[in-house]
Structure formats: C-alpha cells, structure tokens
Amino acid sequence: MAKVPMTTPLVEMDGDEMTRIIWALIKEKLLEPFIDLKTEYFDLGLEHRDETDDAVTVEAAEAIKRLGVGVKCATITPNAQRVEEYGLKEMWKSPNGTIRAILDGTVFRTPITVAGIEPTVRCWKRPITIARHAYGDVYRNAELRVDEPGTVELVYKKASGAEERVTVFEFSGPGVVQGMHNLDASIESFARSCFTYALDLKQDLWFATKDTISKTYDHRFKDIFQAIFDAEFAERFEAAGIEYFYTLIDDAVARVMRAEGGFIWACKNYDGDVMSDMVSSAAGSLAMMTSVLVSPDGYFEYEAAHGTVQRHYYKHLAGEETSTNSVATIFAWSGALRKRGELDGNEALREFANALERATLETIEAGEMTGDLARITTLPDPVTLSTSAFIDAVAATLAKKLA
Ligand code: NAP
Ligand code: MG
C-alpha cells in the first residue's frame, strides 16, 4: 500500500513521562506505516528544555508561526519537586504558557465522544467546546484585607496627569477588597480566535458575561465581541450557516444543561476555568479531552488536555504494566494532520486523519479500551488493554480500514 504523501511538515513537540512513551508508539504504529510523515521535530522534554535554557520552546513556537500547524505532547511544568528530581538550572515556565504568549491564542477544549462512554448530562448528544479567555480578571488581581474602618477607592492616574477616582466601599468594619483589569487588545484577540475557530468547526459560537451587573467591565467584553463580529465575521458566519449568540452567563448555564451540544462556548477567564471542569467531568474522562490553541492570526496547535500521567510513568519505570489512555494524544495528531491536509489541499491526508479517528473510536466501541474507560463504560464485558496493546488494537483496525 502506498503511503499518504505530505508536502509541508508539522511542527512536532515531544514531551515528558508516560505521554512521551505514548508519543513514540503512536508515531511508530499509527502514523509511519501509513503516511510519509514529515515533521520539524522539537524536543520539549524537560531535560532538553533545561539543556537549551528553554530556547527550544521558543523555537517551536516560532516554527508554528512559520508552518501554521503544530502538535504537542504533554510536558512537565516544573515545580520545586521537579527542579530537584531533574536537577534543573531553573524552574522553567510552563511550555504552554510560553507558546501561548508567543502565538497569542485561545485554548479550545473538546471532549471526545464515543458510544459506550455516556455523558452524565443525558441530553448532550454532541460535544461542547469550551474556549477560555486566558488573560486577566481575578487571575491578575490586586487584593487587600481591610482591617479597620476606612474608605477604599479605585484611583486611575492617567499618563497625561489627569486622575479618575471611584469609591469602592466605605468600610465600617473589617472586610476584603479586590481590583481587577483586562485589556481591549486581549479581549479582541480572544474574540477573533473564537470567531475563527467557530468558522473552522462550522459550529455556533456562544458568549456570555454578567453585563447587566457589571455595566462597564463585563459590558466591554460584550461590545468588543459584537463590534468584531459585525465588522469582520458576520458575512462569513452567514455563508457558513452558523450563528453568534450572546446571552447572560446564568442564562447560558441553564441553556447548556438543556442543549444537545455541538457548539463552542466562549467564556471569560473564571467562567472558563470552572465550566471546562464541569464539561470535562460530565463528558466522562479527562483522558478523553482534546485541546487546540488557535491564534487570532490563524495558527493552530493541537494537544491532549491531560498532563504527563506521572503516576503511570513511575509504574512503567518500575517494570509494571500500565493501561494509559492514548486517545486524546491520537486525536491531537489527527487534528493536526487534518488541518495540515486542509491548508495544503491534501485530500488523502485529511481522509487519513478521519480514518485514524474512526479506527480509534471503533476499537473502543468493539469493547477494547484502557482501564480508565473500562471502569466507566456502559458496554458489556469490556476488555482492558495495556497502553501498547490498545495502540496495537487501533493499528489493526486502521490497517483493515485502509486496506
Ligand atoms: P495528569 O497527567 O493529567 O494525570 C492525573 C491523573 O488523571 C492520572 O494520575 C490518572 O489517574 C488520570 N489520567 C490523566 N490522563 C490519563 C490518561 N491519558 N490515561 C489514564 N488516566 C489518565 O496530571 P498530573 O499527574 O497532575 O500531572 C503530571 C504532570 O503533567 C505535571 O508535571 C504537570 O505539570 C503536567 N501537566 C501538563 C499539561 C500539558 O502539558 N498540557 C497539562 C496538565 C499537567 P489515575 O492515576 O487515577 O489512573
Ligand atoms: Mg479549573
């Protein structure tokens, strides 16, 4: 069988621990036998990040700007314990944070749905994608304990010398106070990423804030979204047959619980933090969640939403058999390959990406899965496979499909 050709390479970012092992297995068993895989390889494994003083992460992000599409393995974000474990020169920043700072994107998380893994919310027939604005608000706040009576004001000292003040509260007893900010530029690029990805998926976009209560702060988000939609996206949405829908956050939550799914839900930073955990746990398992970084300039980076699955890796190092779910990492690859195919007009590559996803889901639907899914499936008599046996099973299904 002739291998599917590729023209432009993908930016490939290798990672750490159990997901690094899965990464190599996916390439060896699911990709290289079937496609003439072309990648620009960047080793974001923690040792190599340390050796290069983290320059490799920046180079990978620059490569995504050049080539348009990247696929990333989960990576360790160092903490004090990791600095000691790996003898690091420094507590390097989160690679995802570094890449996002360079590409200025929004992260979209979507559960992978499969028959036999039923969402806890019964009416959800299709996945709900959450987009979280990853800048500002309570995550970049300034806070104070108020310990005696007094007045708290917001003071805005303008560069021009003028001043604006507003009273937050006149305290007669102890309490707390907090100041938050956001930036038009950040909200604008969030809006553009959301509208761009809605067009990409051909799905409706929902956005919600609390603008009835927060008449300046939240209202600014609403106005910016609407202005960008009207000026840049309304016609393209109409042509694609999709809608932009704005509502209040409480109304959005109520509607989501009664919806069938199949749309993108754009959330402010805090709402996205909370709602993404709700959607992922209601959809089944963190191991079945993909994550796509979409930049306002239209660059795409695909990865699994979960981490490096450290606990399984230590079992693996101890020589024990593991049953780690590779589905989200497989879907990171299929997502990136499909996008590469689209951009290059490479129909065979797009078809391969679709076939890889179908083979993965059909393997599970036939009752062969990893332990995390076997524990929650509604299918009778599931067979629990090891990490590598599951990938072998997908390879066998895929080979049959492509024959
Ligand atoms: P994790 O790797 O997501 O795993 C947490 C637990 O979730 C696992 O112990 C496992 O539960 C379950 N799980 C997650 N993915 C699974 C999979 N594919 N198959 C089966 N079970 C899965 O989170 P963590 O252990 O807290 O973090 C480990 C490292 O990952 C950290 O160093 C962190 O910095 C990094 N991290 C990276 C990213 C990223 O690169 N995007 C994201 C998050 C975390 P059981 O142990 O009960 O089986
Ligand atoms: Mg959270």
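Positions are given from 1 along the sequence. Indexing begins at 1, ligand by ligand and atom by atom, following the structure's order.
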Does the ring centre of F263 sit less than 6.0 Å away from the ring centre of F245? no
Less than 4.0 Å between a side-chain N and a carboxylate O, is that true for K157 and E164? no
Return the CG to OH distance between D16 and Y313, rounded to the nearest 0.5 Å. 8.5 Å
Could an N or O of ligand 1 be found under 3.5 Å from any N or O of A305, whether backbone or side chain? no
Return yes when at least one protein heavy atom is under 4.0 Å from atom 15 (N) of ligand 1, and no when none is. yes
Could you tell me the residue and atom name of the protein heavy atom closest to atom 22 (C) of ligand 1, and the distance to it rounded to 0.1 Å? V309 CG1, 3.9 Å
Using a strict 4.0 Å cut-off to heavy atoms of T324, name the atoms of ligand 1 that fall inside it. 17 (C), 18 (N), 19 (N)
Suppose I only count heavy atoms of A74 and a 4.0 Å limit; which atoms of ligand 1 are within that range? 40 (O)
Taking heavy atoms and a distance under 4.0 Å, where does N96 meet ligand 1: side chain, backbone, both or neither? side chain
Closer than 4.0 Å and a protein heavy atom, does any atom meet both conditions relative to atom 26 (O) of ligand 1? no
Ring center gap for F229 and F195 short of 6.0 angstrom: yes
The closest protein heavy-atom partner of atom 11 (O) of ligand 1 is H312 NE2, 4.3 Å
Which of the listed options, N325, T75, D372, holds the heavy atom that is closest to atom 39 (C) of ligand 1? T75
Would you say atom 44 (C) of ligand 1 touches the protein, meaning some protein heavy atom is under 4.0 Å from it? yes
Closer than 4.0 angstrom, basic N to acidic O: yes or no for K72 and E301? no
Tell me whether T308 has any N or O atom under 3.5 angstrom from an N or O of ligand 1. yes
Parallel, tilted or perpendicular, judged at 30° and 60°: which one describes the rings of W333 and W23? tilted
Which residue and atom name correspond to the protein heavy atom nearest atom 33 (C) of ligand 1, and how close is it? T77 N, 4.1 Å
Give the contacting part of K72 toward ligand 1: side chain, backbone, both or neither, where contact means a heavy-atom distance below 4.0 Å. side chain
Where do L30 and L356 land on the side-chain contact (heavy atoms from CB on, under 4.5 Å) test, with the steps shown first? CA-CA 8 Å; L30 300 180; L356 174 57; 4.1 Å; yes
Does the protein put a heavy atom less than 4.0 Å from atom 48 (O) of ligand 1? yes
List ligand 1 atoms under 4.0 Å from G307, heavy atoms only on the residue side. 1 (P), 2 (O), 3 (O), 30 (O), 36 (N), 37 (C), 38 (C), 42 (C), 43 (C), 44 (C)
What do the steps show when you test W265 against T129 for side-chain contact (heavy atoms from CB on, under 4.5 Å), and what is the final call? CA-CA 6 Å; W265 183 11; T129 296; over 6 Å; no
Counting only nitrogen or oxygen atoms and a 3.5 angstrom limit, does E17 reach ligand 1? no
Does R100 pair with D104 as a salt bridge, N-O distance under 4.0 Å? no
List every atom of ligand 1 that sits less than 4.0 Å from any heavy atom of R82, numbering the atoms from 1 in the order shown and giving each element. 29 (C), 31 (C), 32 (O)
Look at the side chain of H48 and the backbone N and O of D43, then say whether any donor-acceptor pair between them is shorter than 3.5 Å. yes
May I ask you to check if ligand 1 and R311 share an N or O to N or O distance below 3.5 Å? yes
How about atom 5 (C) of ligand 1: does it have a protein heavy atom within less than 4.0 Å? no
Is the ring centre of H133 less than 6.0 Å from the ring centre of Y139? no
Donor-acceptor contact present, side-chain N79 to main-chain Q81, <3.5 Å: yes
Can you tell me which residue and heavy atom of the protein come closest to atom 17 (C) of ligand 1, and the distance to 0.1 Å? A287 CB, 3.5 Å
